Amino acid sequence: MQKNSSIKCSVHQCKYNNTSESYCTLSSIKVGTHETNPTEVQCTDCESFEVK
Ligand code: SF4
């Protein structure tokens, strides 16, 4: 898979991850939150994630 040099990602369980270099291979992703009032990095999610 061709990596997108603009999107680093360490989620190797995702089917869009280039695991050898830890980059996303999508041309764009959607980031969101599962919180009503996000205050920390842990509050954010990649909503383009799909499990392998
Ligand atoms: S879709 Fe999201 S979680 Fe999956 S590799 Fe890309 S940035 Fe990472």
Side-chain angles (χ1 to χ4, degrees):
M1 290 190 291
Q2 186 75 30
K3 74 178 182 184
N4 181 337
S5 298
S6 299
I7 309 176
K8 294 179 186 175
C9 179
S10 60
V11 184
H12 292 173
Q13 294 79 6
C14 178
K15 73 178 185 182
Y16 299 118
N17 197 278
N18 168 353
T19 53
S20 59
E21 296 174 276
S22 294
Y23 279 88
C24 187
T25 57
L26 295 176
S27 56
S28 68
I29 61 166
K30 181 175 186 291
V31 175
T33 183
H34 53 273
E35 305 282 352
T36 50
N37 182 30
T39 55
E40 300 180 285
V41 66
Q42 292 91 334
C43 301
T44 65
D45 305 301
C46 177
E47 294 181 348
S48 301
F49 171 87
E50 287 190 48
V51 73
K52 274 182 185 167

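Worth knowing before you read on, the calculation uses all heavy atoms, side chains too, and leaves out hydrogens, waters and symmetry mates. Atoms within a ligand are numbered from 1 in the order they appear, just like the ligands themselves. As the structure is a computational prediction, the values presented were derived from the model and not from experiment.
- In this structure, N18 CG and C9 SG are separated by 10.5 Å, a value rounded to the nearest 0.5 Å.
- In the vicinity of N17, heavy-atom distances shorter than 4.0 Å reach the ligand 1 atoms 5 (S).
- In the vicinity of C9, heavy-atom distances shorter than 4.0 Å reach the ligand 1 atoms 3 (S), 5 (S), 7 (S), 8 (Fe).
- With a cut-off of 2.8 Å, atom 8 (Fe) of ligand 1 has no N, O or S atom of C14 in range.
- Both I29 and Y16 are members of a single hydrophobic cluster when ILVMFWY side chains are connected at heavy-atom separations under 4.5 Å.
- A distance of 8.5 Å separates CG in N4 from OG in S28, rounded to the nearest 0.5 Å.
- With rounding to the nearest 0.5 Å, the separation of SG in C46 from NZ in K30 is 9.5 Å.
- Among all protein heavy atoms, the one lying closest to atom 6 (Fe) of ligand 1 is C24 SG, 2.3 Å.
- Comparing S48, S22, C46 by heavy-atom distance to atom 3 (S) of ligand 1, the nearest is C46.
- Environment of CD in Q2: sparse, with no more than 12 heavy atoms of neighbouring residues, nucleotides or ligands closer than 6.0 Å.
- With a 4.0 Å cut-off on non-hydrogen atoms, L26 touches ligand 1 through its side chain and not its backbone.
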